[in-house]
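Let me begin by presenting the structure, written as C-alpha cells, before commenting on it.
One is the number of the first residue; the rest follow in order along the sequence.
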Amino acid sequence: MNENTLVVYMDASLYRREMHKKQESYVGLGIYIIDKDNNDIKIGKGFSTKKIINATYAEIASLNLFLTYIKNNEIKYNDKKFIIYSDCEDVINILNNKY
C-alpha cells in the first residue's frame, strides 16, 4: 500500500422492533479508515428511524456516511485512493458501478 492509498472497512447493523403496531429500526453504522502507517479514523453513528427497513438499506447508509465524511474533508482526501471492504453485495455492486 502506498502513501496515497487508504483502506476502509464499513459495516452496519439493524434491529427492527414493533411498538404499538408501529415498526421502528435501530441502526448502527461503523467505518474504519486506516493509512499505510496504521493511523486510523473511526466513525460511528447510531440512531432510530422508520426509513431504513432492511439490512441492505443500513449498509447503504454506511456507504453514504463514508461518502459524506470524504466530501466534508475533501482537501484532506482529494488525492487519495480507497480500498473499501464491505460485507454487503449491494454496496460492492454500487462501488463497482454494476447498478
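Remark: the backbone N or O of D35 is not paired with any side-chain donor or acceptor of N39 at under 3.5 angstrom.
Atoms CG and NZ, from L6 and K81 in turn, are 12.0 Å apart once rounded to the nearest 0.5 Å. From I33, atom CD1 reaches atom CD1 of I83 across 13.0 Å, with rounding to the nearest 0.5 Å. One distance of note links CG of N64 with CD1 of I94; it measures 10.0 Å at 0.5 Å rounding. Expressed to the nearest 0.5 Å, how far CG of L65 lies from NZ of K45 amounts to 6.0 Å. Of the inter-residue distances, the one linking T68 atom OG1 with L63 atom CG reads 9.0 Å to the nearest 0.5 angstrom. To the nearest 0.5 Å, the span separating CG on D90 from CD1 on I60 amounts to 5.5 Å.
Nearest heavy-atom pair across I43 and I41 is CG1-CG2, 4.0 Å. Contact between I52 and R16 at its shortest, heavy atoms only, is O-NH1, 3.5 Å. Of all heavy-atom pairs between K36 and N2, the closest is CD-C, 3.9 Å. Residues I53 and S25 come closest through the heavy atom pair CA-OG, 4.4 Å. Of all heavy-atom pairs between S86 and I92, the closest is O-CD1, 3.4 Å. Of all the heavy atoms in A58 and S13, the pair that sits closest is CB-O, 4.2 Å.
Considering only heavy atoms from C-beta on, E89 stays 4.5 Å or farther from T56 through its side chain. Counting heavy atoms from C-beta outward, Y57 and V27 have side chains that stay 4.5 Å or more apart. Between I31 and S62, the closest side-chain pair of non-hydrogen atoms falls below 4.5 Å.
F47 CZ: more than 12 foreign heavy atoms inside a 6.0 Å radius. For E74, the CD atom is loosely surrounded, since the number of other residues' heavy atoms within 6.0 Å does not exceed 12. Within a 6.0 Å radius of CD in E18, more than 12 heavy atoms belonging to other residues, nucleotides or ligands are found.
Cluster annotation: L29 is not connected to Y26 through the hydrophobic network of ILVMFWY side chains, with a link wherever side-chain heavy atoms come within less than 4.5 Å. Grouping the Ile, Leu, Val, Met, Phe, Trp and Tyr side chains by contacts below 4.5 angstrom, directly or via other members, places L67 with M10.
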Discussion item. Determine whether D87 and E59 satisfy the following criterion, side-chain contact (heavy atoms from CB on, under 4.5 Å), listing intermediate values before the conclusion.
Written reply: CA-CA 9 Å; D87 63 354; E59 295 284 352; 3.2 Å; yes
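Note on ring orientation: taking the six-membered ring where Trp is involved, the planes of Y77 and F82 are tilted (angle from 30° to 60°).
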